[in-house]
Amino acid sequence: ACPISEGVRDMKALRVMVVVALVSMLAALGAACGGGDDDVTLADLEGVWTGVSYTLTANDDPSLSVELISMGATISFDTDDSGNAQGVFGVPEAFGGPLELSVNATFELDDQDTMTVTFEEEIPPLLTSYTGPFELDGETMTLTDENASFEFSDGAGTVPVTAVVVLERG
């Protein structure tokens, strides 16, 4: 037997073992880190959240839209790992404020893309319980209610709107 060919064969075997070890380590690391978006739990929602955007857009006329945070509305709440939330909603002057209202709510994950938010006391049309899509991207959570309603100042009365609330944890 040629010692050089045995050395090459041993190097190939060593290379295969290193690749197998790296793949195993990456798989274990992926499992330890939760594996990604498909594993969102209520514990992932724990923390102090602040509203950075709250947009209401008419479903039949997207040019009819209002962004409440820029008008002085504030949203701040603390969520525990069971989905219970307590916080404050600041009503802007344009909607009868300034007022600070205490808010208690629960969050339930219906599946990995749908959340139910139930407010202990609703404050229509600004805070109403709903079930709808949500996204959690790191420290940003986006809640979308496609079945909300709102009365714009155009005199058209209450119209169906999509409400999109963007919150940041921190």
Identify each donor-acceptor pair in which a side-chain atom of residues 138-150 lies under 3.5 Å from a protein atom, sequence neighbours left out, and give them as a table.
from	atom 1	to	atom 2	distance (Å)
Glu139	OE1	Arg169	NE	2.8
Asp145	OD1	Asn147	N	2.9

Contact between Leu101 and Val91 at the side-chain level, heavy atoms closer than 4.5 Å - yes or no?
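A side-chain contact exists here, since the closest heavy-atom pair is under 4.5 Å.
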Test item: Pro133 and Asp113 side chains (from C-beta on) under 4.5 Å apart, heavy atoms:
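Pro133 does not reach Asp113 side chain to side chain.
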Could you pull out all residues at least two apart from [X] that satisfy side-chain contact (heavy atoms from CB on, under 4.5 Å)?
X: Thr50; answer: Ser76
X: Leu109; answer: Val40, Leu42, Leu45, Met115, Phe134
X: Ala43; answer: Thr41, Asp81

Taking every non-hydrogen atom, the tightest pair across [X] and [Y]:
X: Thr57; Y: Ser65; result: OG1-OG, 3.0 Å
X: Ala94; Y: Met71; result: CB-CE, 3.6 Å
X: Val117; Y: Ala105; result: CG1-CB, 4.4 Å
X: Gly47; Y: Asp78; result: O-OD1, 3.2 Å
X: Ala85; Y: Phe107; result: CB-CE1, 3.6 Å
X: Val66; Y: Phe152; result: CG1-CE2, 3.9 Å

Just by modelled atom types, is the Asp111 backbone N or O under 3.5 Å from a matching donor or acceptor in the Thr114 side chain?
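Flag not set: sc Thr114 to bb Asp111 has no pair under 3.5 Å.
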Does a sphere of radius 6.0 Å around CD in Gln86 hold more than 12 heavy atoms from other residues, nucleotides or ligands, not counting ones at 6.0 Å or beyond?
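Yes - once you tally the heavy atoms of other residues, nucleotides and ligands closer than 6.0 Å, there are more than 12.
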Contacts of type side-chain hydrogen bond (donor to acceptor under 3.5 Å, both in side chains), residue Asn84, not counting sequence neighbours:
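Listed in chain order: Asp80.
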Donor-acceptor list for residues 119-131 side chains, cut-off 3.5 Å, not counting sequence neighbours:
from	atom 1	to	atom 2	distance (Å)
Glu122	OE2	Ser129	N	2.8
Glu122	OE2	Ser129	OG	3.0
Ser129	OG	Phe119	N	2.9
Thr131	OG1	Thr116	OG1	2.8

Name each donor-acceptor pair under 3.5 Å that joins a side chain in residues 156-167 to protein atoms two or more places apart or in another chain, with its distance.
from	atom 1	to	atom 2	distance (Å)
Thr162	OG1	Asn59	OD1	2.7

Would you please classify the geometry between the Tyr54 ring and the Phe89 ring as parallel, tilted or perpendicular, with 30° and 60° separating the classes?
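The arrangement is perpendicular - the two ring planes meet at more than 60°.
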Qualifying salt bridge (charged side-chain N to carboxylate O under 4.0 Å, His left out) pairs, either residue in residues 82-95, two or more places apart
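Qualifying pairs, neighbours excluded: none.
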Does any pair with a residue in residues 48-61 pass salt bridge (charged side-chain N to carboxylate O under 4.0 Å, His left out), and if so which ones, sequence neighbours excluded?
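Listed by first then second residue: nothing to list.
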Nearest 0.5 Å, what's the CD-OG1 distance between Glu100 and Thr74?
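It comes to 6.0 Å.
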